[in-house]
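A short write-up of the structure that comes next.
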Amino acid sequence: MVADRIEWAGRLLSGTDRFGTWTTNSIDGWWDSPDVKGETVDRENSDGEYDLPTYNAARVVTVTGNLQARSHMDMHEAMNFLTGPMRGRLQVSGHSSTQWADAKRNAGVKFTPITDTLATWQVPLRCPDPAKYGDRHTYDLAPNVAVSAFHRGNYAASPVVQVNGPLVGGFTITHPGGLYTALGDLGAGGWVRVDFATGRLRLNGNDRSDLVTRADLFKVLPGNNASVKISKGTGYVEVIDTYM
């Protein structure tokens, strides 16, 4: 299955640009789950092994295709353009929602001229974060009014909560995992952002995790609504469609 439009590091891999028409023939590793990593230990004098934790390994993607260039010169310019980057965003659109991941070159990019205007190419990539991301959803927050946060992915998503000033005496975020509490005041126009992947708090763009007194984390599970509310101020919950 090949998508309608594929881009990496600002390079078009499926579609038409100033060089000609790029056609992706395969994108191995993108639609599949990533490999699994973890230790295995056999049970002594017993069947099977111990049930130890396993995790998703880095996502390995290989994109292959061909270029029908506008001219021989365009083909050589396309080769220079395609083989230059080391890392960038890989974005795939078509056949489902648009999905993206940050990817770096996993080996050398191959570009092989076949005729004066036709070439084949191969781009090997590695995504250290194996998750793929899609649309961003925001849910407005008001004091002590619970909202239901939801996303359309297939994997647990780490939300971000922003609280806007003015605010006196800190605030509390109540969520399915417990509580997140921070001290301090916010003037009008001030804001804090809490990243629930790490629990860190940024005040007007600066890391002020020292203000946090309790930091229970939570994720928005696929197919489930997560109830979130704040004790003071206004703001929003932000969740990105997350896929594995």
Side-chain angles (χ1 to χ4, degrees), residues 1-35 56-138 149-159 220-223 238-244:
M1 180 169 57
V2 176
D4 297 330
R5 184 178 178 89
I6 302 172
E7 299 173 80
W8 172 63
R11 275 67 176 169
L12 190 64
L13 302 180
S14 178
T16 300
D17 64 6
R18 68 182 187 275
F19 303 116
T21 299
W22 301 81
T23 302
T24 295
N25 299 323
S26 66
I27 181 167
D28 293 336
W30 181 256
W31 304 111
D32 308 320
S33 297
D35 287 339
N56 290 295
R59 182 179 296 275
V60 177
V61 180
T62 302
V63 193
T64 60
N66 57 270
L67 167 67
Q68 183 62 60
R70 300 180 188 277
S71 68
H72 185 63
M73 181 177 294
D74 285 330
M75 185 178 70
H76 281 276
E77 289 186 0
M79 175 178 64
N80 291 331
F81 191 59
L82 179 64
T83 56
M86 286 294 295
R87 63 177 64 238
R89 176 160 295 185
L90 175 62
Q91 182 164 299
V92 178
S93 303
H95 295 304
S96 70
S97 59
T98 295
Q99 299 176 8
W100 59 267
D102 291 327
K104 60 183 180 180
R105 207 170 72 198
N106 199 35
V109 173
K110 299 183 184 297
F111 191 98
T112 306
I114 304 300
T115 69
D116 283 349
T117 57
L118 177 66
T120 62
W121 49 265
Q122 182 182 80
V123 179
L125 300 171
R126 188 178 193 87
C127 306
D129 176 0
K132 299 179 292 183
Y133 300 96
D135 292 336
R136 187 184 308 269
H137 309 278
T138 58
F150 179 83
H151 75 100
R152 295 193 299 268
N154 66 0
Y155 197 71
S158 296
V220 181
L221 301 179
E238 176 183 282
V239 189
I240 300 176
D241 291 341
T242 304
Y243 305 85
M244 192 62 67

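Residue numbers start at 1 and run along the sequence shown. Note: hydrogens, waters and symmetry copies are ignored here, and every other heavy atom, side chains too, is used.
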Looking at [atom1] of [X] and [atom2] of [Y], how far apart are the two atoms once the value is rounded to the nearest 0.5 Å?
| X | Y | atom1 | atom2 | result |
| --- | --- | --- | --- | --- |
| His151 | Asp135 | NE2 | CG | 12.0 Å |
| Asp74 | Leu67 | CG | CG | 8.5 Å |
| Leu13 | Leu125 | CG | CG | 8.0 Å |
| Thr83 | Phe111 | OG1 | CZ | 8.5 Å |
| Asn66 | Thr23 | CG | OG1 | 4.5 Å |
| Tyr133 | Tyr155 | OH | OH | 9.0 Å |

Taking the side chain as everything from C-beta on, heavy atoms only, tell me whether [X] gets closer than 4.5 Å to [Y].
| X | Y | result |
| --- | --- | --- |
| Ser93 | Asp4 | no |
| Val63 | Trp8 | no |
| Pro113 | Met75 | yes |

Might you point out which heavy atoms bring [X] and [Y] nearest each other, and give the distance in Å?
| X | Y | value |
| --- | --- | --- |
| Asp17 | Arg70 | O-NH2, 2.8 Å |
| Ala131 | Thr242 | CB-CG2, 4.1 Å |
| Pro85 | Arg105 | O-NH1, 3.2 Å |
| Ile240 | Gly134 | CG2-O, 3.6 Å |
| Ala78 | Trp22 | CB-CZ2, 3.8 Å |
| Pro130 | Ala57 | CB-O, 3.1 Å |

_Pair Ile6, Leu90 - check side-chain contact (heavy atoms from CB on, under 4.5 Å), show working._
CA-CA 7 Å; Ile6 302 172; Leu90 175 62; 4.1 Å; yes

*For residues 108-128, pull every pair meeting side-chain hydrogen bond (donor to acceptor under 3.5 Å, both in side chains), keeping only residues two or more places apart or in separate chains.*
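Passing the test, one end in residues 108-128: Gln68-Thr117.
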
*Summary of salt bridge (charged side-chain N to carboxylate O under 4.0 Å, His left out) pairs that have at least one residue in residues 76-89, sequence neighbours excluded*: Arg89-Asp102

Is there a donor-acceptor pair closer than 3.5 Å between any side-chain N or O of [X] and the backbone N or O of [Y]?
| X | Y | answer |
| --- | --- | --- |
| Lys132 | Trp30 | yes |
| Arg59 | Asp32 | yes |
| Asp35 | Ala58 | no |

*Anything under 30° is parallel, anything over 60° is perpendicular, the rest tilted; go ahead and classify Phe19 against Phe81.*
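Phe19 and Phe81: tilted rings.
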
